[in-house]
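Structure first, commentary second.
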Amino acid sequence: MKVLVTGGTGYIGSHTCIQMIASGVTPVILDNLYNSKALVLDRIEEVTGTRPEFYQGDIRDSAILETIFAQHRIDAVIHFAGLKAVGESVEKPLMYYENNVAGTLNLVQAMERAGVTRLIFSSSATVYGDPASVPIRENFPTSATNPYGRSKLMVEECLSDFHKANPEWSITLLRYFNPVGAHKSGRLGEDPQGIPNNLLPFVAQVAVGRREKLGVFGNDYPTPDGTGVRDYIHVVDLADGHLAALNKVSQKAGLHIFNLGTGHGNSVLEMVAAFEQAAQKPIPYQILPRRPGDIAECWADPSYAEQQLGWKAQRSLQEMVEDTWRWQEMNPQGYQD
Ligand code: NAD
Ligand code: WQD
């Protein structure tokens with residue numbers, strides 16, 4: 001099976017390509033390298049022995065999509081390419097709608113022309129907005145609290161309408177919770193540019209000495225220790241979830257929606273304590289006011305994915321923090337030649 005992987009040099013895409021290669025699926029990557037480096041291809045080759053075919057280009061460029069579909073017999077598309085910084089999306093909403101929404105429409109149009117009718121899309125738990133209760137099931141109401149989230153929701157809605165008109169397609173929406181961790185080798189991981197927006201990359205940079213201390217955004221939430229609770233999932237488990245979707249549902253016509261999470265929530269302070277244990281050093285932190293737009297608790301009910309895909313997250317919190325730390329310690333400045 002050959003799969004076009006948009007955004008394949010990014011954090012989740014690169015780990016998914018590794019799991020694909022290991023299971024005999026051939027990835028063809030399209031990425032404009034806006035938020036990733038070509039060095040990732042060397043690292044994928046290093047750990048798998050296979051260098052994925054790579055096109056440097058943009059999902060908004062119809063010509064490059066046509067070239068790829070003409071040069072390869074693509075069976076399915078896994079669509080990771082997108083911008084994902086919530087704060088930036090508030091500052092530059094049009095950039096997010098243009099890249100994430102218009103980019104996806106362009107990709108689907110190119111697929112239609114090429115007769116490729118199987119799509120797996122990277123959605124997010126952010127489409128649940130501030131959920132009325134946890135754990136969150138796939139049939140919970142959706143809403144958005146910022147342009148990034150709205151771009152994901154818009155794509156979900158566009159794809160759902162498109163599927164109604166084209167029921168022979170297989171479209172899978174995977175709603176990720178909080179991906180963390182890194183490849184066991186320590187050669188691939190998350191490499192945010194600038195100040196990390198997400199918790200674990202920030203903690204890792206404090207541990208490695210790149211930042212002085214963590215700011216904990218609020219300790220007055222209605223949670224056991226007052227800090228925010230999230231469903232952290234190891235990126236390799238998430239990658240395996242894509243393979244399960246590819247093998248189990250992407251052959252079947254339909255609009256398929258799955259939560260990819262562990263079903264467990266951990267607080268910010270629990271994550272800090274787990275990381276301190278892994279790195280064997282204290283992580284200095286300071287309690288700051290709540291971050292605007294944050295919610296108290298968010299964790300998945302992943303039972304539908306288990307039932308339908310035969311997939312379940314396997315890796316423990318300890319593995320998540322140990323693998324993150326190995327990656328950060330071996331690559332203190334991220335990907336560098
Ligand atoms: P990432 O930034 O590491 O990877 C995205 C990749 O897409 C990057 O390599 C970037 O260069 C590429 N890209 C962006 N716009 C492009 C375009 N127009 N054309 C071609 N390539 C383009 O992010 P990630 O964490 O790997 O996330 C992958 C996907 O999963 C994104 O769509 C993101 O919104 C979604 N997601 C991420 C998280 C998370 O916390 N990491 C959670 C839920 C959903
Ligand atoms: C986790 C917890 C923070 C940083 C975001 C996006 C969401 C999805 C995943 C893509 C919260 C706290 C964080 C820090 C902190 N992305 N925190 N200090 O907010 O669940 O989700 O990433 O789809 O759309 O909104 O993840 O890692 O930013 O925060 O105290 O420096 O850590 O308040 O409780 P979040 P996060």
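Below, all heavy atoms of this structure are taken into account, side chains as well, without hydrogens, waters or symmetry copies. For this chain, numbers begin at 1 and follow the sequence in order. These numbers come from a predicted model, not from an experiment. As the structure lists them, so they are numbered: ligands from 1, and atoms in each ligand from 1.
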Atom 29 (C) of ligand 1: the protein heavy-atom neighbour that sits closest, reported with distance to 0.1 Å
Phe80 O, 3.1 Å
For Lys152, state whether at least one heavy atom is located under 4.0 Å from any atom of ligand 1.
yes
Closest approach of Met111 to Arg118 (non-hydrogen atoms, all atoms of both residues)
CE-O, 3.5 Å
Does Ala125 have a non-hydrogen atom less than 4.0 Å from ligand 1?
no
The protein heavy atom nearest to atom 11 (O) of ligand 1 is Asp31 OD1, 2.7 Å
Show which atoms of ligand 1 fall inside a sub-4.0 Å distance from at least one heavy-atom site of Ser122.
29 (C), 30 (O), 32 (O), 35 (C)
Ligand 1 N/O within reach of Leu30 N/O, cut-off under 3.5 Å
no
Could you go through Lys281 and Glu276, starting from their C-alpha distance and side-chain angles, then the distance that decides it, and tell me whether this counts as salt bridge (Lys or Arg N to Asp or Glu O under 4.0 Å)?
CA-CA 5 Å; Lys281 54 173 83 177; Glu276 286 178 328; over 6 Å; no
Have His264 and Asp231 got a donor and an acceptor in their side chains that come within less than 3.5 Å?
no
Could you tell me whether some N/O pair between Ile59 and ligand 1 is separated by less than 3.5 angstrom?
yes
What protein heavy atom sits nearest atom 26 (O) of ligand 1, and how far off is it?
Ile12 N, 2.8 Å
Going by the atom numbers of ligand 1, which of them fall below 4.0 Å from some non-hydrogen atom of Asp58?
17 (C), 18 (N), 19 (N), 20 (C)
The one among Asn32, Leu200, Asn197 that brings a heavy atom closest to atom 21 (N) of ligand 1:
Asn32
Could Arg290 and Tyr221 be counted as a cation-pi pair, given that NZ or CZ must be under 6.0 Å from the ring centre and within 45° of the axis?
yes
From Ser185 atom OG to Met330 atom CE, the distance as rounded to the nearest 0.5 Å:
6.5 Å
Taking distance alone, with N or O pairs closer than 3.5 Å, would you say Tyr176 contacts ligand 1?
no
Using side-chain hydrogen bond (donor to acceptor under 3.5 Å, both in side chains) as the criterion, point out the one residue from His79, Glu156, Gln109, Lys152 that pairs with Thr104.
His79
Does at least one non-hydrogen atom of Thr6 fall below 4.0 angstrom from an atom of ligand 1?
no
Ignoring hydrogens and geometry beyond distance, is a side-chain donor-acceptor pair present between Ser122 and Tyr176 at under 3.5 Å?
yes
Residue pairs passing the side chain to side chain donor-acceptor pair (under 3.5 Å) test with at least one member in residues 196-210, sequence neighbours excluded, are Gln205-Arg211
Are side-chain N/O atoms of His256 and Tyr304 paired as donor and acceptor at under 3.5 Å?
no
Less than 4.0 angstrom from a charged side-chain N to a carboxylate O is my criterion; do Arg315 and Asp237 meet it?
yes
Can you name the atoms of ligand 1, numbered from 1 with element, that are less than 4.0 Å from a heavy atom of Leu33?
11 (O)
Below 4.0 angstrom from a heavy atom of Tyr34, which ligand 1 atoms are there? Numbered from 1 as shown, please.
11 (O)
Just to verify, which of Ile120, Ile257, Val127 counts as forming a side chain to side chain contact (heavy atoms under 4.5 Å, CB included) with Leu173?
Ile257
Going by the angle between their ring planes, with limits at 30° and 60°, are Phe162 and Trp169 parallel, tilted or perpendicular?
perpendicular
Which residue supplies the protein heavy atom nearest to atom 34 (O) of ligand 1, what is that atom called, and how far is it?
Tyr148 OH, 2.7 Å
Among all the protein's non-hydrogen atoms, which is closest to atom 4 (O) of ligand 1, and how far away is it?
Gly10 CA, 3.4 Å
With nothing but distance in play, are any N or O atoms of Ser36 less than 3.5 Å from an N or O of ligand 1?
yes
Indicate yes or no: does an N/O atom of Glu190 lie under 3.5 Å from an N/O atom of ligand 1?
no
What is the nearest protein non-hydrogen atom to atom 3 (O) of ligand 1, stated with its residue, atom name and distance?
Tyr11 N, 2.8 Å
Starting from atom 25 (O) of ligand 1, what is the nearest protein heavy atom, named by residue and atom, and what distance separates them?
Lys84 NZ, 2.8 Å
Can you give me every donor-acceptor pair (side chain of residues 128-135, partner residue at least two apart or in another chain, under 3.5 Å) with its distance?
from: Tyr128; atom 1: OH; to: Arg175; atom 2: NH1; distance (Å): 2.9
from: Tyr128; atom 1: OH; to: Asn259; atom 2: OD1; distance (Å): 2.6

Tabulate below the donor-acceptor pairs under 3.5 Å that side-chain atoms of residues 80-88 make, not counting sequence neighbours, or state none.
from: Glu88; atom 1: OE1; to: Tyr96; atom 2: OH; distance (Å): 2.5

Which atoms of ligand 1 are found less than 4.0 Å from any heavy atom of Gly57?
19 (N), 20 (C)
Can Glu297 and Arg230 be counted as an ion pair, charged N to O under 4.0 angstrom?
no
Which atoms of ligand 1 sit under 4.0 Å from any heavy atom of Ser123?
43 (C), 44 (C)
With backbone taken as N, CA, C and O and side chain as the heavy atoms from C-beta onward, which portion of Asn178 lies under 4.0 Å from ligand 1: side chain, backbone, both, or neither?
neither
Enter the distance from Arg51:CZ to Cys17:SG here, rounded to the nearest 0.5 Å.
12.0 Å
So for Pro179, does at least one of its heavy atoms come nearer than 4.0 angstrom to any atom of ligand 1?
yes
Heavy atoms only, cut-off 4.0 Å: how does Asn99 contact ligand 1, side chain, backbone, both, or neither?
side chain
Identify the protein heavy atom lying closest to atom 5 (C) of ligand 1, giving its residue, its atom name and the separation to 0.1 Å.
Gly82 O, 3.9 Å
Rounded to the nearest 0.5 Å, what's the gap from CG on Leu39 to CG on Asp337? Could you check?
5.0 Å
Hey, are the side chains of Pro27 and Ile21 touching, using non-hydrogen atoms and a 4.5 Å cut-off?
yes
For a quick check: using heavy atoms under 4.0 Å, what are the residues in contact with ligand 2, sorted by chain and number?
Val86, Ser124, Thr126, Tyr148, Asn178, Asn197, Asn198, Leu199, Leu214, Gly215, Val216, Phe217, Gly228, Arg230, Tyr232, Val268, Arg291, Asp294
Glu53 CD to Leu4 CG distance, which is reported to the nearest 0.5 Å
11.0 Å
